[in-house]
There are 2 protein chains.
Amino acid sequence: MAASVARHLALAPAASMPELAAAAGISRATLFRRFPSRAALVAELCQAAAEAFVRAVQDAAPDDGSPVQALERVVEGLGRLAAVVGLLGLQPLQEHVEAALLEQTAATEESLRRLVRRGQESGDFRVEVDPEWVLTMLTWLMVGAADGVRLGRLTTAAAQTHLAATLTATLHRRP
Amino acid sequence: MAASVARHLALAPAASMPELAAAAGISRATLFRRFPSRAALVAELCQAAAEAFVRAVQDAAPDDGSPVQALERVVEGLGRLAAVVGLLGLQPLQEHVEAALLEQTAATEESLRRLVRRGQESGDFRVEVDPEWVLTMLTWLMVGAADGVRLGRLTTAAAQTHLAATLTATLHRRP
DNA sequence: TACGAGTGAGACGCTCGCGTCTCAAATCAG
DNA sequence: CTGATTTGAGACGCGAGCGTCTCACTCGTA
């Protein structure tokens, strides 16, 4: 049920509680029993998305093996995530919620920066690419992938492939 | 004045009319004299942004010269635009407004697709990159660039550079 | 059958932001 | 200086969405 709410909230970021309840096939009352307030609902779903993000990166073990392969694993995992959580990134958040999410993902983001720097030092990645830009790309291309699917411009699979290809092309250095 | 409203609306997509008025340094009454409703305000600013987008692409003459140089011009122009209109892309729109914007930019988007295909046929661009993905990238990396600047992760100039570099790296084919 | 937990339907009050209006102050043109 | 236009300040009604509450219904379980 939280899943269907999340899905509809992603498609319609400004959806009202009645709307979300209808989308989940439950009554408004039940929705309020599960989530004490709209803010709590949004916060909880975004927390879950952040956790999924953290887990996906951890599972990809960005610190292990060659930077090239590590990047591939990371991007593959996040590509799969994009379809699920991508458009939640558009949710307008209260300041403290946004801060909490940033806090929650800080270590993970740092591990991604580390991966980029590691690849740059090993000579696999272009040195002129700012790790911050890589994070920005990852975040917003996930959103973009989800949005492309929403608009019917891309299939999930195609979006995932292109996301990975873009990251690879941007980072990889070729002599 | 419309400019300061747009700027603040971009930073705070859910800003209220009083908030926007304060940000523009005018009274609520005056804001309502200028924009008959909040919806009209959002629509007008997004229209303006769409026009700027169309103009930027036209000015870059995507159909002229070598695809590589044409892409460079396009990306340079849009990179400059990103700082101004980027975060407006996050604005929740009424359906018919979104449709109108898509209509308004359809021809321009088509000219960008044409550019991509032209480059692919000439052998300059990778053939496995979907033109739709290029549009998606452009859109969301512009948003990302603006957001990176907002979060203090990137400078405007750096964002612009990286945006261009990413598009180039993704599209260019190297033997 | 009887009981209890969970659900749906709907009424209710409340807050908040929208949009309108009025009037006084300020600005500007002649 | 005078009249006209614009602006700001604030009151006001309105509607929408939130969150609470009650009550009847429906299950699963004993």
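Computed from a prediction, not measured in an experiment: that's the story for all the values here. Order of the sequence lines fixes the chain letters, A, B, ..., with proteins taken first and strands second; residue numbering starts at 1 for each chain. Computed over heavy atoms, backbone and side chain alike; hydrogens, waters and symmetry mates excluded.
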| request: Using a 4.0 Å cut-off on protein heavy atoms (strictly under), produce a 5'-to-3' string for nucleotides 9-24 of chain D with B for base contact, S for backbone-only sugar-phosphate contact, and - for none. | output: B-B------SBB----
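- Checking A:Ser111 against A:Thr108 by side-chain atom types alone, no donor-acceptor pair falls below 3.5 Å.
- Remark: the B:Thr161 side chain and the A:Trp133 side chain contain no N/O donor-acceptor pair separated by less than 3.5 Å.
- B:Leu31 has its CG atom 10 Å from the P atom of C:dG19, to the nearest Å.
- Rounded to a whole Å, the CZ atom of B:Arg34 is 15 Å from the P atom of C:dG19.
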Indicate every side-chain donor-acceptor pair of residues 83-91 of chain A with a distance under 3.5 Å to a residue at least two apart or in another chain.
none

| field | From CA spacing to verdict: salt bridge (charged side-chain N to carboxylate O under 4.0 Å, His left out), B:Arg114, B:Glu121 | value | CA-CA 10 Å; B:Arg114 212 159 46 229; B:Glu121 284 160 14; over 6 Å; no
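- Checked for salt-bridge contact, A:Arg38 and A:Glu19 miss the test: no charged N lies under 4.0 Å from a carboxylate O.
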